[in-house]
Amino acid sequence: MLQLNYIREQKEEAIQKLAKKGFDATTILAEVIALDDKRKSTQAELDSVLAQSNQIAKEIGMLFKNGEVEKANAAKAQTATLKEQSKSLQEQQSKINQDLQDLLVQIPNIPHDLVPAGKSAEDNEVVSEEGTIPSLGETNLPHWELAAKYDLIDFELGNKITGAGFPVYKGKGARLQRALINFFLDKNTDAGYLEVQPPHLVNEDSGFGTGQLPDKEGQMYHVTGDNLYLIPTAEVPVTNIFRDVIVKSEEFPIKYTAYTPCFRREAGSYGKDVRGLNRLHQFDKVEIVQVQSPEKSYETLDVMVKHVTEILRDLELPFRILKLCGGDMSFTSALTYDMEVYSAAQERWLEVSSISNFESYQANRLKLRYKDKNKKNQLCHTLNGSALALPRIVAALLENNQTPEGIRIPKALVPYTGFDIIN
RNA sequence: GGAGAGAUGGCAGAGUGGUCGAAUGCGGUGGUCUUGAAAACCAUUGUACCGAGAGGUACCGGGGGUUCGAAUCCCUCUCUCUCCGCCA
């Protein structure tokens, strides 16, 4: 959620910058400002009515104390009008506040100046590319066939138990999952992130805090019996640790990492893009989250990209880094880098991490603040990224490392898998 | 699932209708003292909105009600705790 002060003071800038996200803010920002004016004047009026009522109430109290009952009863008569007024003003005001809130949550975050213009994934900017794309023999297989061949992942079985998009990992496939999770968590904790295990279900307030609610409800599984949501990413519970918190500036940077399964309804696409591990309803991911001061958040974003880069190097996968264009980035983000690995049998790039700076957009919803030098409360900046999402890493590992003898495991992972080949 | 108790400031914990944004203790911050520290003492110490300021308003789990006036009374929701049952 954007800050009202920013909207009021930098309306033209906001309109111009939001255009990069393909969002025409002209009307809505004008509405917001008009409503906020209304809010201020109504509040002022209400405050003065309440001040009068409070004054009279105090006087009545004194009168009763002094035994001047008639005077007190006379004073009571005065309050009737004030009471009506304050009641009506209060009703107006709560409606105004609700309307204002409803508008504010419809406005996406302002993209950073570095964000390239563009409408879709086509327009993302390739920042760098690294690693060698393996040339596989004619007989190479996509990962879903490799998974079947070595009995690593059973998609059909998941179908039976739950439905499409809920695979069952078996044997070395399951072990590989566990190895990757441990490997990622170790890399992250070595880099100073505090490991946490958050709940996998969250309430409405948490969904709102990170921006999934109210608009993106369709993305999450909703447990209606208890009005809870299955998390689509660890970002939600981990970032919400900081909801309604005022941190000390000495605590920066605050760094958390968590492994969780992620649940996404993802209604939509069909075909080869979603085959195998490419898109699932349940998948595993290790997330990194940082809370930082506004001055340092972009520095931190770079550090996080570098951190994920190192993990990908360890995995010996060819990867590239994209800077997302305005049209492709998320509603809540100010600047996002995507990390993609090359999946050699599918012959395409797969997103395995998305690292974003949300600036104060989430913090404003979360009421996550810190005390600045002047002891004033300011909104923090929040950042997060995947380090890393498992399924597409597994897809690339299986495809890129297939040999006639079996699937080779990268050196860095062997201590975690306990085997160096799947055959 | 059954029965009961409770929700107050960073924490602990008073406060059952009026001057209570809220006693007291602890903690935090600043100071005095000290070579330094501790102790002691003094002061200060919630959040948000409006206002140039003076100041005003709101907030004692959430929502609603009674009243001139509510932390305090009533209704309702949520959550927490204790005991019993069940259970990984």
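In this text the structure is predicted, and so the values were computed from the model without any measurement.
- Within the structure, every pair that satisfies the ring pair (Phe, Tyr, Trp, His ring centres under 6.0 Å) test and touches residues 172-191 of chain A, not counting sequence neighbours, is listed here: F183(A)-Y416(A).
- Ring geometry, F331(A) versus Y361(A): the interplanar angle exceeds 60°, so the pair is classed perpendicular (tilted spans 30 to 60°).
- A sub-4.0 Å separation between OP1 or OP2 of G18(B) and a side-chain N or O of K58(A) is absent.
- Looking at which nucleotide of RNA chain B each of N377(A) and K40(A) is closest to, the 5′-most match is held by N377(A).
- With distances taken from any side-chain atom of K87(A) to the nucleotides A48(B), C68(B), G65(B), the minimum falls on G65(B).
- R369(A) has no side-chain polar atom (N or O) that falls below the 4.0 Å cut-off from OP1 or OP2 of U47(B).
- A gap of 13 Å separates the P atoms of G63(B) and U72(B), to the nearest Å.
- Heavy atoms from other residues, nucleotides or ligands lying under 6.0 Å from NZ of K119(A) number 12 at most.
- Checked against salt bridge (charged side-chain N to carboxylate O under 4.0 Å, His left out), K170(A) has the following partners two or more places apart in sequence or in another chain: D151(A), D154(A).
- Taking atom P on both C87(B) and G4(B), the two are 24 Å apart, rounded to the nearest angstrom.
- Between the P atoms of U66(B) and A14(B), the separation comes to 32 Å (whole Å).
- In this structure T210(A) satisfies the side-chain contact (heavy atoms from CB on, under 4.5 Å) test together with Q212(A), E235(A), V236(A), T239(A), N240(A), Q362(A), sequence neighbours excluded.
- Comparing the C1' positions of U67(B) and G17(B) gives a spacing of 9 Å, expressed to the nearest Å.
- Only the P atoms considered, C41(B) is 44 Å distant from A52(B), to the nearest whole Å.
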Provide a list of protein-nucleic acid N or O atom pairs under 3.5 angstrom, restricted to nucleotides 86-88 of chain B.
none

Give each protein N/O atom lying under 3.5 Å from an N/O atom of nucleotides 54-61 of chain B, with the pair distance.
| from | atom 1 | to | atom 2 | distance (Å) |
| --- | --- | --- | --- | --- |
| G56(B) | N2 | D47(A) | OD2 | 3.1 |
| U57(B) | OP1 | N54(A) | ND2 | 3.2 |
| U57(B) | O2' | D47(A) | OD1 | 2.9 |

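- For the P atoms, the distance from G21(B) to G56(B) is 11 Å, rounded to whole Å.
- The ring pair (Phe, Tyr, Trp, His ring centres under 6.0 Å) contacts involving residues 369-396 of chain A comprise F252(A)-Y370(A), where partners must be two or more places apart or lie in separate chains.
- The C1' atoms of G13(B) and G27(B) are separated by 14 Å, rounded to the nearest whole Å.
- Side-chain nitrogen and oxygen atoms of N73(A) include none within less than 4.0 Å of the OP1 or OP2 phosphate oxygen of C68(B).
- In this structure, the CD1 atom of I246(A) is 8 Å from the C1' atom of G46(B), given to the nearest Å.
- Contact between the side-chain N/O atoms of K248(A) and the OP1/OP2 oxygens of G28(B) is not found at any separation under 4.0 Å.
- Nucleotides of RNA chain B nearest to T79(A) and A57(A) differ in position, and the one nearer the 5' end is that of A57(A).
- Comparing the C1' positions of U45(B) and A22(B) gives an interatomic distance of 15 Å, to the nearest angstrom.
- Listed by chain and residue number, E31(A) satisfy the side-chain contact (heavy atoms from CB on, under 4.5 Å) test with T27(A) (two or more places apart in sequence, or in another chain).
- With sequence neighbours left out, Y256(A) forms a ring-ring contact (aromatic ring centres under 6.0 Å, His included) with F242(A).
- Applying the side-chain hydrogen bond (donor to acceptor under 3.5 Å, both in side chains) criterion to S333(A), with sequence neighbours excluded, gives T336(A).
- With C49(B), U47(B), G18(B) as the choices, the nucleotide that has an atom nearest any side-chain atom of R39(A) turns out to be C49(B).
- At U47(B), one or more side-chain N or O atoms of K371(A) fall inside 4.0 Å of OP1 or OP2 (strictly under the cut-off).
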